[in-house]
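The structure under discussion appears below in the form of structure tokens.
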Amino acid sequence: MKRVLAAVLLGFGLTAGAVTASVEDEIRARIAPVGEVCVQGEDCGSEAAPVASASSEPRGGSEVYDAACAACHNTGAAGAPKLGDADAWGDRPDKGLETLVDHAINGFNAMPAKGGCSNCSDEEIEVAVEYMLTELE
Ligand code: HEC
């Protein structure tokens, strides 16, 4: 009898774990941002395409950039240094990758934390910054 009870409890425990995980997924989907940051005065219609939902594989630098950074960094919105525009970037690269990544992750003046991409991992933000720096070379 005890063994049956143990098996039942064990079964319940496993099911409860699985249920919790799926509820967590659901909550995560529900609290995902409904849109991207769009600076007033900019036509963000097509460029602010929703960021692809979190996948298990980290996205590459240009992929993250196109999804989360291009809206501002292609246009120079709000004073964002434009992609590949060495003049606009000025001496920013001299701050070093670590500082630039820190600013991209945590925000810097008008630069929102992670560019507003809440489902971007720190690693994905880092490869996006690296991509932006290689575009200056
Ligand atoms: C809402 C517009 C906006 C989005 C989206 C955005 N940026 Fe920015 N970004 C800015 C602005 C504005 C600045 C300039 C901030 C300043 O120097 O005051 C900036 C500056 C930066 C800098 C330079 C920081 C420094 O220390 O000089 C980096 C690196 C950067 N952004 C990376 C990113 C990355 C990576 C993404 C995408 C994940 C991104 N940005 C998305 C607006 C944006």
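Every value quoted in this text rests on a predicted model; they were computed, and no experiment measured them. Atom set for the values below is all heavy atoms of this structure, side chains included, hydrogens, waters and symmetry mates excluded. Whatever order the structure lists ligands and atoms in, that order sets their numbers, starting from 1.
Every atom of ligand 1 is numbered from 1 in the order shown, and the set under 4.0 Å from a heavy atom of A68 is 5 (C), 37 (C), 38 (C), 41 (C). Each of the following atoms of ligand 1 lies closer than 4.0 Å to a heavy atom of V129: 35 (C). Of all atoms in ligand 1, listed by their number and element, those nearer than 4.0 Å to a heavy atom of I125 are 38 (C).
The aromatic rings of Y65 and Y131 lie tilted to each other, with the angle between the two planes from 30° to 60°.
To the nearest 0.5 Å, atom NZ of residue K82 and atom CG of residue N74 are 8.5 Å apart.
Between H73 and ligand 1, a contact under 3.5 Å exists for at least one N or O pair. Taking any N or O of N109, backbone or side chain, at least one lies under 3.5 Å from an N or O belonging to ligand 1.
Of the candidates W89, Y131, F108, it is W89 that places a heavy atom closest to atom 28 (C) of ligand 1. Comparing A67, A70, G79, C72 against atom 2 (C) of ligand 1, the shortest heavy-atom distance belongs to C72. Heavy-atom proximity to atom 38 (C) of ligand 1, evaluated over C69, G115, G61, is greatest for C69.
Side-chain N or O atoms of E124 include one that pairs as donor or acceptor with a backbone N or O of R59 at under 3.5 Å. In this structure, the side chain of N109 does not engage the main chain of M111 through any donor-acceptor pair within 3.5 Å.
For the pair M132 and ligand 1, a heavy-atom separation below 4.0 Å is found. Using a 4.0 Å cutoff on heavy atoms, P112 counts as a contact of ligand 1.
By the criterion of a heavy-atom distance under 4.0 Å, the side chain of R92, and not its backbone, is placed next to ligand 1. Residue P81 touches ligand 1 through its side chain alone, judged by heavy-atom distances below 4.0 Å. Under 4.0 Å from ligand 1, the heavy atoms of K95 that appear belong solely to its side chain.
Across A80 and C72, no two heavy atoms sit closer than the pair CB-O, 3.7 Å. Minimum heavy-atom separation, I105 to A113: O-CB, 3.3 Å. The shortest heavy-atom contact between P81 and A88 is CB-O, 3.9 Å.
Sorted by first and then second residue, the salt bridge (charged side-chain N to carboxylate O under 4.0 Å, His left out) pairs with a member in residues 67-79 form an empty list; sequence neighbours excluded.
Under the 4.5 Å side-chain heavy-atom criterion for grouping Ile, Leu, Val, Met, Phe, Trp and Tyr, L136 is not connected to V64 through any hydrophobic cluster.
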